[in-house]
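What follows is one structure encoded as structure tokens, with my remarks underneath.
Each chain gets a letter, A, B and so on, in the order the sequences are listed, and its residues count up from 1.
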Protein chains: 2
Amino acid sequence: MNTEIIAPQLEALGNARRLDLYRHLVRAGAAGLPVGSLQERLNIPASTLSHHLKRLVSTGLVTQERQSTVLICRAHYPAMNALVGFLTDECCADEGRCDTRESAA
Amino acid sequence: MNTEIIAPQLEALGNARRLDLYRHLVRAGAAGLPVGSLQERLNIPASTLSHHLKRLVSTGLVTQERQSTVLICRAHYPAMNALVGFLTDECCADEGRCDTRESAA
DNA sequence: CCATTATTTCGAAAAAAATCGAAATAATGG
DNA sequence: CCATTATTTCGATTTTTTTCGAAATAATGG
């Protein structure tokens, strides 16, 4: 898992609107949420939402599945797990939840 | 730990150059690295580096300590640990390293 | 105080991102 | 095929970010 995958994912989540959006999907769980529901909840124009969704989808953090008329969006946990794994393995040290390396060359 | 702290941190790390920079600091461990050393390693203009460093420092992910002429930069692990904690607690679900909630709220 | 090394601020230009209305495309039911 | 609902693409504007040279500031030793 290299930085060329990780950095865009961090950037995707590093926007208040998209982080909020992503968290709505996490809370929605396996059922996911249709784009339209997200739009109501976030209360933003459809075209703006579509733009942000595209960024999340393009980094692999969100998946979409069409169910007839509606597009269901879901948080894609494997991507998030890999992201957390990267941060834990390669960006943490010392105290706390992360591992305890001190200066892995 | 709310999104007003987390989103800027994710944004700070969501830039290939800054992620690289941050990882250099992680690898440097507790000793940290002077700005000048970072500049040599990353091979970018001082003013550009200063700009990126400022962003990392302003989000709390990096600290700086002056040692006479030189400014030592260090990864600030408590911030990273809190960030990983946030992602684990509020952005993960199902399988993998993260916790196993299914549809909190 | 001056020279030197280290780092930041300033200012300006280029690149990228965010915003959103209007028009276009998708999918369905009738 | 048409009407309807759902979502995206287009196009234009504004805002933010990135970039970097030149000048300014900081800290030290002499």
- Query: When all nucleic acid strands are considered with a 4.0 Å heavy-atom cut-off, which category describes B/Ser68: base, sugar-phosphate, or nothing?
  - Reply: sugar-phosphate
- Message: What is the distance, to the nearest angstrom, from the NE2 atom on A/His51 to the P atom on D/dG11?
- Response: 17 Å
- Query: Can you hop from B/Leu42 to B/Val57 via hydrophobic side chains spaced under 4.5 Å?
  - Reply: yes
- Task: For residues A/Pro34 and A/Leu71, determine if any side-chain heavy atom of one lies less than 4.5 Å from a side-chain heavy atom of the other.
- Result: no
- Query: With sugar-phosphate meaning primed atoms plus P, OP1 and OP2, does B/Thr48 contact a base, only sugar-phosphate, or nothing at under 4.0 Å between heavy atoms?
  - Reply: base
- Item | Closest approach of A/Cys92 to B/Val84 (non-hydrogen atoms, all atoms of both residues) | SG-CG2, 4.1 Å
- Could you say whether A/Arg55 or A/Thr69 is positioned toward the 5' end of DNA chain C, judged by the nucleotide with the nearest heavy atom to each? A/Arg55
- Residue pair B/His52 / B/Arg18, side-chain donor-acceptor N/O under 3.5 Å: yes
- Would you say B/His52 reaches D/dT17's phosphate, i.e. side-chain N/O to OP1/OP2 under 4.0 Å? no
- Message: I want to confirm an ordering. Mapping B/Arg66 and B/Arg17 to their closest nucleotides on DNA chain D, which one lands closer to the 5' end?
- Response: B/Arg17
- Message: Under 4.0 Å, heavy atoms only, any strand: does A/Gln67 hit a base, just the sugar-phosphate, or nothing?
- Response: nothing
- D/dT13: pairing nucleotide in any strand, Watson-Crick or G-U under 3.5 angstrom: C/dA18
- Message: Under a 3.5 Å cut-off for both contacts, is D/dT18 paired Watson-Crick or G-U wobble with anything, and if yes, with which nucleotide?
- Response: C/dA13
- Query: So what's C/dT25 paired with, Watson-Crick or G-U wobble, going by both distances under 3.5 Å?
  - Reply: D/dA6
- Message: Please tell me if B/Arg18 has a side-chain N or O lying less than 4.0 Å from either OP1 or OP2 of D/dT17.
- Response: no
- So where does chain A start and stop touching DNA chain C, 5' to 3', when the test is distance under 4.0 Å to a non-hydrogen atom? C/dA17 to C/dT28
- Message: Looking at D/dT18, I'd like to know if its phosphate oxygens (OP1 or OP2) sit under 4.0 Å from a side-chain N or O belonging to B/Asn15.
- Response: yes
- Indicate if B/Ile44 and B/Leu25 have the same hydrophobic cluster label, given that clusters are the connected sets of ILVMFWY residues with side-chain heavy-atom separations under 4.5 angstrom. yes
- Residue matched to C/dC1 through Watson-Crick or wobble contacts both under 3.5 angstrom: D/dG30
- Message: Under the side chain to side chain contact (heavy atoms under 4.5 Å, CB included) test against A/Phe86, which residue among A/Ile6, A/Asn81, A/Leu10 passes?
- Response: A/Ile6
- In plain terms, say whether B/Arg27 and A/Glu90 are close enough for a salt bridge, that is, a side-chain N and a carboxylate O under 4.0 Å apart. no
- Walking DNA chain C from its 5' end, the first of A/Glu11 and A/Ser47 to be reached, judged by nearest nucleotide, is A/Glu11
